[in-house]
Enquirer: 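Can you keep this structure in mind? I'll have questions shortly.
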There are 2 protein chains.
Amino acid sequence: MKPTIYDVAKAAGVSIATVSKVMNNTGNIRDTTREKVKKIMEKLNYQPSLMASALTGKGTETLGLVVPDISNPFFSEMAKTIEDRAHESGMSVIICSTDENTEKEKKYIELLQRKQVDGMIVASTFHDMEILKRVVDQKTPLVMLTQDDAGIGVTSISVDDFKGGLEATSHLISEGHRDIIMIAEYAKSSKFRIYGYIEAHEEHGLEVSEENIFRTVASIENGREVFRKIVQRGIVPTGIFACNDLIAVGVIQEAKEMGLKIPNDLSIVGYDNTILATTTVPGLTTIAQPITEMGNRVVDVIISEIKDKNQTKERILFEPELIIRGTTAVNKMR
Amino acid sequence: MKPTIYDVAKAAGVSIATVSKVMNNTGNIRDTTREKVKKIMEKLNYQPSLMASALTGKGTETLGLVVPDISNPFFSEMAKTIEDRAHESGMSVIICSTDENTEKEKKYIELLQRKQVDGMIVASTFHDMEILKRVVDQKTPLVMLTQDDAGIGVTSISVDDFKGGLEATSHLISEGHRDIIMIAEYAKSSKFRIYGYIEAHEEHGLEVSEENIFRTVASIENGREVFRKIVQRGIVPTGIFACNDLIAVGVIQEAKEMGLKIPNDLSIVGYDNTILATTTVPGLTTIAQPITEMGNRVVDVIISEIKDKNQTKERILFEPELIIRGTTAVNKMR
DNA sequence: ATGAAAGCGCTAACAA
DNA sequence: TTGTTAGCGCTTTCAT
């Protein structure tokens with residue numbers, strides 16, 4: 001079936017050691033031998049088994065990427081840069097989508113361990129840190145993306161969520177909004193965005209009510225649902241800060257269907273600056289996370305940790321950036 | 001570091017064969033022994049190496065998925081269903097994004113072969129069929145998604161693109177449009193959509209000009225660019241059929257910036273019915289591909305081919321469905 | 001019911 | 001410069 005190193009060796013009339021050497025460019029091989037072997041490999045369409053070489057101690061040249069939902073543009077865009085960067089370094093990526101489901105999180109992490117990935121990038125909301133702790137204990141390089149490390153001693157890469165929440169909320173406040181609802185996720189990253197939301201209020205001497213903070217899971221449908229709930233409760237916000245673009249889009253859609261004009265009746269700020277933020281009408285004002293930079297960086301970090309396992313763990317924060325588009329405007333309701 | 005089967009065996013005071021048997025539920029093991037071994041595995045957090053077991057002839061329980069661009073919502077949504085379905089069957093998925101780049105296509109396919117994936121799903125536009133032919137020759141199950149098999153004898157799953165193109169164009173024609181531009185991709189799937197476009201014209205006794213068919217690569221930016229080009233050439237279409245939602249969104253954006261009213265000045269039909277089609281304003285009229293059904297089906301097919309390599313190859317066509325939203329309306333320009 | 005041992009495809013000493 | 005050989009962690013006969 002698939003040719004092995006033995007097939008190549010036999011066809012070339014050399015030993016498997018020689019074949020191995022020409023594959024890996026190690027040792028001293030006579031040019032003529034090298035050429036001969038290469039020709040045979042070509043002819044047989046020989047693909048050395050990564051399984052076998054991994055077994056001998058070499059790496060698998062594979063990274064595991066765990067995200068909550070690959071169909072969320074934020075993560076698919078992130079996955080794309082991560083993949084590109086990884087492949088530049090000769091590594092491939094196994095992507096797992098956990099659906100924010102604790103069972104799946106566990107299953108996928110274990111799967112990645114069994115596949116002996118050289119390193120793991122975890123962008124998913126981990127409820128059970130014990131699981132991650134175990135991979136760290138087994139010395140598998142791990143870096144957290146988009147959330148901090150929760151004390152398991154790994155490097156983490158995220159944007160300054162506190163600042164992001166602060167900027168988003170401050171923008172709404174400065175436009176004259178006073179009744180600002182925040183729609184957060186259950187995810188860890190939301191925590192700091194909430195603090196930012198609170199801080200912005202305090203800076204302006206405004207009250208914050210826990211009642212104005214809603215929580216849901218990222219999806220357009222959930223965004224719609226939460227907004228419906230908000231309205232049903234008789235709350236009349238003029239501004240909404242949604243923890244991601246998906247939710248923001250849901251709010252936009254629902255609000256429009258209710259006959260609200262955006263941004264005149266309702267201003268909305270999203271988070272992530274995904275492709276969705278550019279396709280809505282009006283365009284979505286949002287907090288940009290530098291997806292490309294973060295993706296590239298996380299790959300660079302994980303690769304350097306693979307090379308040297310004892311690197312100092314750091315907490316890398318990128319700057320969020322407020323992108324003002326059309327969903328926010330001066331509050332004329334006051 | 002990571003415990004091996006030897007560590008477990010030693011700790012449990014049994015042989016590795018016994019450990020192997022309890023892992024795989026094979027052979028006859030005394031209950032007490034089984035329990036003892038299981039307890040040790042638990043305690044050591046033992047994860048059997050998939051590398052090692054793959055080497056002994058077992059599968060890798062991994063599927064390779066090759067797409068042109070994972071950040072295109074069509075493919076990320078597809079990837080999500082494929083992943084979900086695959087994981088239900090205990091298989092994981094390695095996703096590769098080729099960027100429609102022939103080099104990368106080759107690189108990734110070879111990578112997947114080296115990783116000994118049990119099967120491959122190829123949704124990417126393959127220019128060099130020779131490469132795919134080789135994987136088929138090596139008896140690796142392969143199914144093509146979203147494009148037909150180009151004579152390499154594998155099963156393919158796609159929607160009836162001819163019909164999709166026909167319906168999209170017929171819809172525009174029935175709304176009174178006569179100057180309909182088609183923006184296609186270089187991809188194989190576009191070929192049939194173009195035939196559909198032509199057929200629709202012929203059915204209505206209308207002329208088709210090759211000049212009205214543009215080609216580009218899927219992205220919002222390219223959609224904008226092509227539309228600019230169209231306008232620059234002095235062509236004034238009232239209808240546009242774009243081969244995917246991304247391009248359609250680009251057209252919408254560019255047209256709006258030019259001050260055109262949609263759908264009054266310009267009607268647009270997309271293709272794919274991704275999340276983007278729901279977020280534009282007005283909503284995008286588009287041809288839906290049943291992403292979930294196709295994704296599930298392709299996994300089922302590949303898994304059954306893995307189980308039995310000599311299955312009859314088939315060509316499975318799903319039905320496209322015209323989803324009418326707000327970007328199309330009766331042509332009032334005539 | 002359990003274990004010894006061969007072998008999967010490759011790497012890396014070590015010999016020759 | 002090239003080849004021999006002992007593993008890597010696991011599965012699977014075949015003995016015991």
Side-chain angles (χ1 to χ4, degrees), chain A residues 1-38 40-41 44-62 110-111 113-118 138-140, chain B residues 1-38 40-41 44-62 110-111 113-118 138-140:
Chain A
M1 205 94 307
K2 289 192 217 306
T4 72
I5 197 172
Y6 290 96
D7 300 320
V8 177
K10 189 181 296 175
V14 298
S15 73
I16 60 165
T18 303
V19 176
S20 176
K21 281 167 194 155
V22 346
M23 285 197 301
N24 301 295
N25 276 307
T26 52
N28 286 331
I29 303 289
R30 193 182 298 151
D31 274 359
T32 58
T33 312
R34 179 187 307 286
E35 288 318 311
K36 185 174 54 183
V37 172
K38 281 197 169 169
I40 300 285
M41 295 199 305
L44 265 45
N45 186 27
Y46 169 66
Q47 311 283 4
S49 161
L50 244 19
M51 304 291 126
S53 77
L55 208 53
T56 71
K58 287 197 150 185
T60 51
E61 299 183 357
T62 306
E110 286 178 354
L111 182 78
Q113 287 191 99
R114 288 165 42 104
K115 290 219 184 264
Q116 275 151 241
V117 294
D118 294 339
Q138 296 195 348
K139 307 285 183 230
T140 300
Chain B
M1 204 93 307
K2 289 192 217 308
T4 71
I5 195 170
Y6 290 97
D7 300 320
V8 177
K10 190 180 296 173
V14 298
S15 74
I16 61 166
T18 303
V19 176
S20 176
K21 280 166 195 155
V22 346
M23 285 197 300
N24 301 294
N25 276 306
T26 53
N28 285 332
I29 303 289
R30 194 183 298 149
D31 274 359
T32 59
T33 312
R34 180 187 308 284
E35 288 318 310
K36 184 174 55 183
V37 172
K38 281 197 168 168
I40 299 285
M41 296 200 303
L44 265 44
N45 187 26
Y46 169 65
Q47 311 284 5
S49 160
L50 244 19
M51 303 292 126
S53 76
L55 207 53
T56 71
K58 287 195 151 187
T60 51
E61 300 181 357
T62 306
E110 286 178 354
L111 181 78
Q113 288 192 97
R114 288 165 41 107
K115 292 222 185 255
Q116 276 151 240
V117 294
D118 294 338
Q138 295 195 349
K139 307 285 181 228
T140 300

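Because only heavy atoms are used, hydrogens play no part in the values below, and waters and symmetry mates are left out as well, while side chains stay in. Everything quoted here is computed from the prediction, not taken from an experiment. Chain A is the first sequence line, chain B the second, and so forth, proteins listed ahead of strands; every chain is numbered from 1.
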Enquirer: Minimum heavy-atom separation for B:M51 and A:T60, please, with both atom names.
Expert: SD-CG2, 4.0 Å
Enquirer: Among residues at least two apart in sequence or on other chains, which ones pass side-chain contact (heavy atoms from CB on, under 4.5 Å) with B:K139?
Expert: A:M1
Enquirer: Taking side-chain contact (heavy atoms from CB on, under 4.5 Å) as the definition, give me every residue that meets it alongside B:I5, ordered by chain and number, with sequence neighbours left out.
Expert: B:I16, B:V19, B:S20, B:M23, B:Y46
Enquirer: Among all residues two or more places apart in sequence or in another chain, which pass the side-chain hydrogen bond (donor to acceptor under 3.5 Å, both in side chains) test with A:E61?
Expert: none
Enquirer: What residues form a side-chain contact (heavy atoms from CB on, under 4.5 Å) with A:T26, not counting sequence neighbours?
Expert: A:K21, A:N24
Enquirer: Without placing hydrogens or testing angles, list every side-chain donor-acceptor pair under 3.5 Å for residues 6-15 of chain B, not counting sequence neighbours.
Expert:
residue	atom	partner	partner atom	Å
B:D7	OD2	B:T4	N	2.7
B:S15	OG	B:A17	N	3.4
B:S15	OG	B:T18	N	3.3
B:S15	OG	B:T18	OG1	3.2

Enquirer: Take the C1' atoms of the five end pairs on each side of the helix from C:dA1-D:dT16 to C:dA16-D:dT1, derive the two axes, and give their angle rounded to 10 degrees.
Expert: 40°
Enquirer: Please identify each residue that fulfils side-chain hydrogen bond (donor to acceptor under 3.5 Å, both in side chains) with A:T33, with sequence neighbours left out.
Expert: none
Enquirer: Checking A:S53 now: which residues fulfil side-chain hydrogen bond (donor to acceptor under 3.5 Å, both in side chains) with it, not counting sequence neighbours?
Expert: none
Enquirer: Considering only heavy atoms of chain A and a distance under 4.0 Å, specify the first and last nucleotide of DNA chain D in 5' to 3' order that meet this criterion.
Expert: D:dT1 to D:dG9
Enquirer: For each nucleotide in nucleotides 4-16 of chain C, reading 5' to 3', give B when a protein heavy atom comes within less than 4.0 Å of its base, S when such contact involves only the sugar-phosphate, and - otherwise.
Expert: B--BBBBBB----
Enquirer: Who passes side-chain contact (heavy atoms from CB on, under 4.5 Å) against B:E110, sequence neighbours left out?
Expert: A:Q47, B:K106, B:Q113, B:R134
Enquirer: Considering residues at least two apart in sequence or located in another chain, which fulfil the side-chain hydrogen bond (donor to acceptor under 3.5 Å, both in side chains) criterion with A:K2?
Expert: B:T140
